[in-house]
There are 2 protein chains.
Amino acid sequence: MKQKNELLSKNQQLVFELIEKANEPLKAYSILSSVQKKGIKAPLQVYRALNKLMEIGKIHKIESKNAFVACKNNDCKISKASAFYICENCEDISEVNNFKLTKYLSSFKANNEMKVSKYNLEFFGICKNCQIK
Amino acid sequence: MKQKNELLSKNQQLVFELIEKANEPLKAYSILSSVQKKGIKAPLQVYRALNKLMEIGKIHKIESKNAFVACKNNDCKISKASAFYICENCEDISEVNNFKLTKYLSSFKANNEMKVSKYNLEFFGICKNCQIK
DNA sequence: TTGTAAATGTTATATTATAACATTATTAAA
DNA sequence: TTTAATAATGTTATAATATAACATTTACAA
């Protein structure tokens, strides 16, 4: 099986390290400005790395925010199934790691409408921390 | 209860009619060019109408496509819970109308992480029609 | 009738993403 | 080990998506 930690190219490595170390989703142009010291000069170089990283399941895109996070599910099988909690108050985003949910959605078939090969789910609400305040 | 068919303003009406009649998700600038004959001149006028229509649940945004569709679930209760099938072959998009799924996701709580008030789910795959070909 | 919120109109600009084309690196097969 | 194919890179320009800021008008409840 293709491993998630297969060798990354130079640009892919730079972009991935940045995303992995961040404790929040990063936007493409913010990534760009962070890696400009390291030789990446143009948006396209970032987008190409991002696209590749998504393809191999090392990162996910938070569609509603146009931002990118490292995959926390260290299992390449579910790299094409992503789910997130997004706090509407503090903007904190975390990946849902719930086996039942993954199983339920991955095998979801309604009226035989479609062979589902991938999904993305974004839950919005108020996170635990913000509920206390 | 606030009705979904509450009175819309002029611009909101124009934009909504267009989206409702379309048989595919529409993009903001495509909407703009369609309504330019009818007095709407600037992107912002379209975006403002779109935002309002989303707020009251008459349309949804397909986040992965930056496109907008009319809500097919004629029940305002679930206007904040949207799910779609997206065919990766023909780009056809349809709203999932599955009570069990809605119920499952609306009441989803994992580790008490978050009070979920809204979600968006996008399934990708190959639609029935494209599977035949 | 008047004050407030919502909607509109308008110009400019910010943000996100890809097209097109030239070049270089990597890899697998002959 | 050459060669051919694929992937990755570099670069400039531009397309596509979305909001800021400000002035004005409309709707409507107090």
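Small disclaimer: the values here were computed from a predicted structure and weren't measured. In what follows, chains carry the letters A, B, and so on, assigned in the order in which the sequence lines appear, proteins first and then strands, with residues in each chain numbered from 1.
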Residues two or more places apart in sequence or in another chain: which of them pass side chain to side chain donor-acceptor pair (under 3.5 Å) with [X]?
{"X": "B:Ser94", "answer": "none"}
{"X": "B:Glu63", "answer": "none"}
{"X": "B:Glu20", "answer": "none"}
{"X": "B:Glu122", "answer": "B:Ser64, B:Asn120"}

With ring pair (Phe, Tyr, Trp, His ring centres under 6.0 Å) as the rule and sequence neighbours excluded, what pairs involving residues 87-107 of chain A come up? A:Tyr104-B:Tyr104

Quiz: residues 23-39 of chain B side-chain donor-acceptor pairs under 3.5 angstrom, not counting sequence neighbours:
unit_1  : atom_1 : unit_2  : atom_2 : d
B:Lys27 : NZ     : B:Lys65 : O      : 3.1
B:Ser33 : OG     : B:Ser30 : O      : 3.1
B:Ser34 : OG     : B:Ser30 : O      : 3.1

Using a 4.5 Å cut-off on heavy atoms from C-beta on, say whether the side chain of A:Lys58 contacts that of A:Leu8. yes

Within-4.5 Å side-chain heavy-atom neighbours: B:Leu14 and B:Ile40: yes

Kindly give the cluster partners of A:Ile93, where membership spreads through any ILVMFWY side chain lying under 4.5 Å from a current member. A:Ile62, A:Val69, A:Phe84, A:Ile86, A:Phe124

At under 4.0 Å between heavy atoms, how does the protein contact nucleotides 9-20 of chain C? Give one character per nucleotide, 5' to 3', with B, S or -. BBB----BBBBB

Nucleotide-resolved protein contact map, nucleotides 25-30 of chain D, B/S/- at heavy-atom distance under 4.0 Å: ------

Would you say A:Ser9 reaches D:dA7's phosphate, i.e. side-chain N/O to OP1/OP2 under 4.0 Å? no

With a 4.0 Å limit, can you tell me whether B:Lys52 has a side-chain N or O closer than that to the phosphate oxygens OP1/OP2 of C:dA6? no

Output the rounded distance in Å from CG (A:Leu50) to C1' (D:dA8). 15 Å

In chain order, what residues pass the ring pair (Phe, Tyr, Trp, His ring centres under 6.0 Å) check against A:Phe108, with sequence neighbours excluded? B:Phe123

At how many degrees, to 10°, do the end axes of the helix from C:dT1-D:dA30 to C:dA30-D:dT1 meet when each uses five pairs? 40°

